[in-house]
Amino acid sequence: MRLDVVTIFPEYLEPLNVSLVGKARARGRLNVQVHDLRAWTYDRHNTVDDTPYGGGPGMVMKTDAWGDALDSVLADGYESGAHTPALIVPTPSGRPFTQELAVELAERPWLIFTPARYEGIDRRVMDEYATRMPVYEVSIGDYVLAGGEAAVLVVTEAVARLLPGVLGNAESHRDDSFAPGAMANLLEGPVYTKPPVWRGRDIPDVLLSGHHGKIARWRRDEALRRTTAHRPDLIERCEPKAFDKKDREM
Ligand SMILES: COc1cc(COC(=O)c2cn[nH]c2)cc(-c2cccnc2)c1
């Protein structure tokens, strides 16, 4: 997968050089290019924003630099054999970013992120590129950040860990909270590891029983309990088999 990020704060994307994404890059699973939007400004102050038409607070990111930057990134990508890019625009007004969307994005060969600052990007930029590729405006949550760069880190990590060969054997996304199967759409239950007793706190007996059926049921019940407490909205999306026949008759 190729990832391009166009931003006025390239240093904000340094974390893409470490940990999971850093390893995926080192293994050649991910080709990440970070570009400074101001490289496509030609005035003395490297201006990327201006006052909003119609008035109102804050500033809006101008079309010119974005257009030149994206055309340049696209030309470079196509030249190096990349194809079918998608534009990812983090914004509070976007489609909720979910594991389902992470899976969809992980299947694409090329993602171009355009994190915005200020009040956002002139709408004509997204309209222009929507004629040539899918444009995903995504929200990582119901809050307003000063810029989309943190959202790029979130989306990139969620997508990268799904790429083949990125997660080591010790880790797996198959049991993700939102992965398909009986635990689909349930939140993670509690997890434990050695020592068996810590500050007088021991491990639930069932986990030491070696009875895989009972352990699976206990884990599902704990996941249901946690989901009911923290995310009741996810319960009705649960797959029916996540409940026993007895549960259904309740
Ligand atoms: C592209 O347009 C944007 C992008 C961002 C940065 O992203 C987020 O905040 C975000 C992404 N998921 N969840 C939050 C912020 C605004 C914005 C809106 C109103 C006032 N101030 C700023 C507009």
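Computed from heavy atoms alone, side chains included, the values below leave out hydrogens, waters and symmetry copies. Position 1 is the first residue of the sequence, and the numbers go up from there. Order of appearance sets the numbers: ligands from 1, and atoms from 1 within every ligand.
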Show me a pair-per-line table, with atom names and distances to 0.1 Å, of protein N or O atoms that are under 3.5 Å from an N or O of ligand 1.
residue	atom	partner	partner atom	Å
ligand 1	9 (O)	Leu145	N	2.7
ligand 1	12 (N)	Ile140	N	3.0
ligand 1	13 (N)	Gly141	O	3.1

Consider salt bridge (Lys or Arg N to Asp or Glu O under 4.0 Å). Of Arg219, Arg217, Arg225, which one does Asp221 pass it with? Arg217
Any donor-acceptor pair under 3.5 Å linking the side-chain atoms of [Y] with those of [X]?
X	Y	answer
Glu149	Thr7	yes
Arg2	Ser80	yes
Asp4	Trp110	yes

Stepwise side chain to side chain donor-acceptor pair (under 3.5 Å) test for Arg25 and Asn17: CA-CA 8 Å; Arg25 293 173 73 175; Asn17 295 316; 2.7 Å; yes
Please work out which of the three classes, parallel, tilted or perpendicular, describes the rings of Trp218 and Tyr192, given edges at 30° and 60°. tilted
